[in-house]
Visitor: 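Before anything else, here's the structure in question.
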Amino acid sequence: MDKKILVLIPCYNEEENIVNTVERLKEQCPEVDFLVINDCSTDNSAALLQSRGYPFLDLPVNLGIGGGVQCGYLYAKRYGYDVTVQMDGDGQHDPAYLHEVVRPVLDGQCDMCIGSRFITREGFQTSFMRRVGIRFLSGLIHLLSGKRVLDVTSGFRATNASMTAYFAQHYASDYPEPEAILAASLAGFRVGEEPVVMRERQGGVSSISSFRSVYYMVKVSLALIIDRFSIHKIRGGKA
C-alpha cells in the first residue's frame, strides 16, 4: 500500500490493555504507522509505552478523549498522512477490520468511515441500555443533519486528509464521537459505515458506568442540538 496511514490510539489508564492492543495492531497491520496518545494516565501506561519503545504523545495535562484525539489529528496533518484511523486502547477494536474501515476512504467513497457493530450485529453489541441510548442518538443526528449512522458512538473510524485537517481544527472535547459525525455531515463531508466485529473491553474499567450512560446521553443530546443551531447561526440562518 503506497498511502500513508496513521493509527491513533488514545490511552488513559490502560495498563492492562495497551500492550496487547498495540501488538495486535503490529501483527495484523505491520505496514501502518501508529501513535499512542497518553492522556496523563495515572497508572503505569506511560512507563509501559516507554519501555516498549512505542511512539507516543505524553500529554502534560488530561485533555479528555476529544482533546487527546485532536492532538493526534494535528500530528497526522503536520506529517501529511493520507488516512488517519482512530482505535480505542482498550482492545475492543479488532485491527483485522482496519482495512475494511480504511478502504472506502481510500476509494473516495466517503471522507470518514465508521466501523459499525450494528450492520451485521456480530460480536459484542454492548449493553441493552447503551444500545437504547445509541439508537436515540442515531435518530437525533438523523433529525438534525439528515444523515443516518447506526453506530454513532463507535471510536473505530478512518478519515481522509481533508477530514483530518477539519478535525485538527474542530473537534469536540468531551465524548466527541457523535458530535464529530454531526459536525462532519453539516460541513458537507461524506460519512459512511462498514461492518466490523468488536470485542468486550479486555481489562480495566470503562469510564461510562450505567448511571453515567444516562448522563452521557442527556449531555450529548444537548450538545448535538446546540451544535446544530450554532452552525445554523454561523451560516447566516440558512439550514
Side-chain angles (χ1 to χ4, degrees), residues 8 10 12 37 39 59 61-77 84-88 101 104-105 110-118 126 129-194 206-209 211-239:
L8 303 176
Y12 177 69
I37 303 156
D39 192 19
L59 303 183
V61 295
N62 181 268
L63 297 180
I65 181 67
V69 170
Q70 188 173 18
C71 289
Y73 282 124
L74 285 164
Y75 181 97
K77 177 186 176 184
T84 306
V85 182
Q86 181 184 336
M87 290 182 60
D88 288 351
V101 177
V105 175
C110 56
D111 302 299
M112 176 168 68
C113 183
I114 297 166
S116 173
R117 77 201 100 173
F118 301 138
T126 197
M129 286 305 298
R130 290 193 189 183
R131 291 199 303 274
V132 170
I134 291 168
R135 189 173 301 174
F136 174 83
L137 292 175
S138 174
L140 181 59
I141 289 174
H142 182 250
L143 178 67
L144 296 174
S145 70
K147 178 63 182 178
R148 175 70 71 183
V149 175
L150 296 177
D151 202 347
V152 295
T153 65
S154 171
F156 194 5
R157 49 187 62 189
T159 59
N160 63 15
S162 295
M163 188 83 265
T164 296
Y166 180 84
F167 283 156
Q169 298 299 320
H170 311 281
Y171 208 68
S173 61
D174 192 13
Y175 303 121
E177 288 85 2
E179 289 188 76
I181 294 171
L182 179 64
S185 299
L186 294 177
F189 291 97
R190 298 163 299 161
V191 180
E193 286 183 281
E194 284 293 317
S206 172
S207 62
I208 306 178
S209 62
F211 171 78
R212 284 183 61 83
S213 292
V214 177
Y215 171 76
Y216 166 82
M217 187 178 71
V218 173
K219 182 177 181 180
V220 173
S221 298
L222 291 173
L224 289 170
I225 294 170
I226 292 169
D227 288 347
R228 177 63 182 92
F229 284 101
S230 296
I231 293 174
H232 179 88
K233 184 177 181 180
I234 291 172
R235 290 179 176 179
K238 296 181 180 179

Visitor: Tell me if a side-chain donor or acceptor on Ser138 pairs with a main-chain N or O of Ile134 at a distance below 3.5 Å.
Guide: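 Absent.
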Visitor: So, taking the atom named OG1 in Thr159 and the one named CZ in Phe189, what distance separates them when rounded to the nearest 0.5 Å?
Guide: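 So the OG1 of Thr159 and the CZ of Phe189 are separated by 10.0 Å.
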Visitor: Rounded to the nearest 0.5 Å, what separation is found between the CZ atom of Arg190 and the CE atom of Met112?
Guide: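 Here the rounded value is 12.0 Å.
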Visitor: Does some side-chain heavy atom of Val191 sit less than 4.5 Å from a side-chain heavy atom of Val149?
Guide: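 Of all side-chain heavy-atom pairs linking Val191 with Val149, at least one is under 4.5 Å.
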Visitor: I would like to know whether Val220 and Leu137 meet side-chain contact (heavy atoms from CB on, under 4.5 Å); could you show each step before the answer?
Guide: CA-CA 8 Å; Val220 173; Leu137 292 175; 4.1 Å; yes
Visitor: Please name the pair of heavy atoms, one in Pro178 and one in Ile141, separated by the smallest distance, quoted to 0.1 Å.
Guide: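 Minimum heavy-atom contact is O-CD1, 3.6 Å.
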Visitor: Report yes or no: does Asp39 contribute a side-chain atom to a donor-acceptor pair with the main-chain N or O of Leu63 at less than 3.5 Å?
Guide: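 Indeed, once roles are kept as given, a pair shorter than 3.5 Å links the two residues.
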Visitor: Identify the two heavy atoms, one from Gly66 and one from Pro176, that lie closest to each other, and give their separation to 0.1 Å.
Guide: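 Gly66 and Pro176 have their closest heavy atoms at CA-CG, 3.7 Å.
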Visitor: When you measure from the side chain of Glu193 to the backbone N and O of Leu150, does any donor-acceptor pair fall under 3.5 Å?
Guide: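 Checking the backbone N and O of Leu150 against the side chain of Glu193, a donor-acceptor pair under 3.5 Å is found.
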Visitor: Checking Gln70 side chain against Ala168 main chain: does a donor-acceptor pair fall under 3.5 Å?
Guide: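 Yes.
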Visitor: One pair to check against side-chain contact (heavy atoms from CB on, under 4.5 Å): Leu144 and Leu182. What are the steps and the verdict?
Guide: CA-CA 8 Å; Leu144 296 174; Leu182 179 64; 3.9 Å; yes
Visitor: Quick check for you: to the nearest 0.5 Å, what is the distance between Ser173 atom OG and Ile65 atom CD1?
Guide: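 Rounded to the nearest 0.5 Å, the OG-CD1 separation comes out at 11.5 Å.
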Visitor: State the CG-CG distance between Leu224 and Leu140, to the nearest 0.5 angstrom.
Guide: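 Answer for the CG-CG pair, Leu224 versus Leu140, is 5.5 Å.
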Visitor: Please find the pair of heavy atoms, one from Glu194 and one from Cys113, that lie closest to each other, and give the distance.
Guide: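 Distance-wise, the nearest heavy atoms are CG-SG, 3.5 Å.
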Visitor: How far does CE of Met163 sit from OG1 of Thr84, to the nearest 0.5 angstrom?
Guide: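 One gets 11.0 Å once the value is rounded to the nearest 0.5 Å.
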Visitor: Evaluate the side-chain proximity of Gln86 to Phe156: yes if any heavy-atom separation is below 4.5 Å, no if none is.
Guide: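 Not touching, per the 4.5 Å side-chain cut-off.
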Visitor: Return the minimal non-hydrogen interatomic distance between Ala158 and Val85, and the atom names on each side.
Guide: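 Scanning both residues, the minimum pair turns out to be CB-CG2, 4.0 Å.
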Visitor: Walk me through it: do Gln169 and Leu74 pass the test side-chain contact (heavy atoms from CB on, under 4.5 Å)?
Guide: CA-CA 8 Å; Gln169 298 299 320; Leu74 285 164; 4.3 Å; yes
Visitor: Do Ser154 side-chain atoms and Gly115 backbone N/O form a donor-acceptor pair below 3.5 Å?
Guide: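 Yes, Ser154 side chain to Gly115 backbone: donor-acceptor pair under 3.5 Å.
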Visitor: Closest heavy-atom contact between Arg157 and Ile181?
Guide: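 Heavy atoms only, the tightest pair is NH2-CD1, 3.8 Å.
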Visitor: State which residues pass salt bridge (charged side-chain N to carboxylate O under 4.0 Å, His left out) with Asp151; sequence neighbours excluded, sorted by chain then number.
Guide: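 Salt bridge (charged side-chain N to carboxylate O under 4.0 Å, His left out) list for Asp151, sorted by chain: Arg117.
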Visitor: If I compare all heavy atoms of Gly139 with all of Arg148, which pair ends up nearest, and what's the gap?
Guide: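 For Gly139 versus Arg148, the nearest heavy atoms are CA-NH1, 3.8 Å.
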Visitor: With under 30° as parallel and over 60° as perpendicular, where do the rings of Tyr171 and Phe167 fit, or are they tilted in between?
Guide: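 Tyr171 vs Phe167 ring planes: perpendicular.
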Visitor: Could you go through the side-chain contact (heavy atoms from CB on, under 4.5 Å) check for Cys110 and Val105 one step at a time?
Guide: CA-CA 5 Å; Cys110 56; Val105 175; 4.3 Å; yes
Visitor: Is Lys77 reaching over with its side chain to a backbone N or O of Ala161, donor-acceptor style, under 3.5 angstrom?
Guide: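 Not at all, since once roles are kept as given, no pair shorter than 3.5 Å links the two residues.
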Visitor: Please round to the nearest 0.5 Å and tell me the distance separating atom CG of Leu59 and atom OH of Tyr12.
Guide: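 If I round to the nearest 0.5 Å, the distance is 12.0 Å.
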